[in-house]
Amino acid sequence: DQQVKQNSPSLSVQEGRISILNCDYTNSMFDYFLWYKKYPAEGPTFLISISSIKDKNEDGRFTVFLNKSAKHLSLHIVPSQPGDSAVYFCAASARISNFGNEKLTFGTGTRLTIIP
Amino acid sequence: DTEVTQTPKHLVMGMTNKKSLKCEQHMGHRAMYWYKQKAKKPPELMFVYSYEKLSINESVPSRFSPECPNSSLLNLHLHALQPEDSALYLCASSQDSSRQGARGTQYFGPGTRLTVL
């Protein structure tokens, strides 16, 4: 049962244009959402996050939008740059213990290619 | 500094070998995690340590044995692995989530690429 889904395995965008990556989730217990970027043979790098009490969070070229009613979030990158080419994972977080540990559930990833 | 380091970067082992993966962070994080990632798949949680105590084991086979010697170090001891255990093993850490505004973000190391022959 895939609780976090990224339905587009790949996306190609022209340099300078906007990249929009989408993510859907099914578990209402998720209350914190993150985007990670991953290069081959490296660990995921944290990009941006959003709490379920917000609908938008912005950090430089990256903006994450959350639509709780639709259980949908998206990552906007503008303007897109060649260095943005990587696999992007959406992750959803739920508390799993009294210590406040977070369990991240990852989507399957979207490979973004920025065309110069 | 949001660095998590992992050693070795690559490891090749036979099915009868015993080896260990190491992870270290100096961010003062009190939660540490082991993930396994197969090719073209998302990372899957294996273990969670909180304040040096194992708090979550996601039904991982006993041939994987985690250890947290102190708040900065996390080991994963490997014994009698199978070829299907070949994967990228990722370590991550996060702050004490009881602190306001600190929850949610896990920082990952570069991973150890494990090949079991």
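Letters go in sequence order (proteins before strands), and every chain restarts at 1. Predicted, not measured: the structure shown is a model, and the values here were computed from it.
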Peer 1: Side-chain heavy atoms under 4.5 angstrom apart, residues restricted to Ile, Leu, Val, Met, Phe, Trp, Tyr: same cluster for W34(B) and M13(B)?
Peer 2: yes
Peer 1: Does atom CZ of R17(A) have more than 12 heavy-atom neighbours from other groups under 6.0 Å away?
Peer 2: no
Peer 1: In Å and rounded to the nearest 0.5 Å, what is the CG to CG distance from L104(A) to L45(B)?
Peer 2: 8.0 Å
Peer 1: List the atom of L88(B), the atom of E42(A), and the distance in Å for their closest heavy-atom pair.
Peer 2: CD2-O, 4.1 Å
Peer 1: Find out if a path of hydrophobic residues (ILVMFWY) with successive side-chain heavy-atom gaps under 4.5 Å connects V78(A) to L47(A).
Peer 2: no
Peer 1: For chain B, which residues from residues 108-116 of chain A have at least one heavy atom closer than 4.5 Å to it?
Peer 2: T108(A)
Peer 1: Tell me whether L73(B) shares a hydrophobic cluster with Y51(B), the cluster being built from Ile, Leu, Val, Met, Phe, Trp, Tyr side chains joined at under 4.5 Å.
Peer 2: no
Peer 1: State, to 0.1 Å, how close T105(B) and L34(A) come at their nearest heavy-atom pair, and which atoms those are.
Peer 2: CA-CD2, 3.7 Å
Peer 1: Determine whether L11(A) and L75(A) fall in the same hydrophobic cluster, where Ile, Leu, Val, Met, Phe, Trp and Tyr are linked whenever their side-chain heavy atoms lie under 4.5 Å apart.
Peer 2: yes
Peer 1: In terms of hydrophobic clustering (I, L, V, M, F, W, Y; side-chain heavy atoms under 4.5 Å; direct or indirect links), are L114(B) and M15(B) co-clustered?
Peer 2: yes
Peer 1: Is Y36(A) reaching over with its side chain to a backbone N or O of F108(B), donor-acceptor style, under 3.5 angstrom?
Peer 2: no
Peer 1: Go through the atoms of Q6(B) and report whether side chain, backbone, both or neither lie under 4.5 Å from a heavy atom of chain A.
Peer 2: neither
Peer 1: Decide if atom CD of E44(B) counts as having more than 12 heavy atoms of other residues, nucleotides or ligands within a radius under 6.0 Å.
Peer 2: no
Peer 1: Search all heavy atoms of P42(B) against all heavy atoms of G107(A) and return the closest pair with its distance.
Peer 2: CB-O, 3.0 Å
Peer 1: Assess whether atom NZ of K18(B) is packed by more than 12 heavy atoms of other residues, nucleotides or ligands within 6.0 Å.
Peer 2: no
Peer 1: Under a 4.5 Å heavy-atom cut-off, does chain A meet the side chain of E58(B), its backbone, both or neither?
Peer 2: side chain
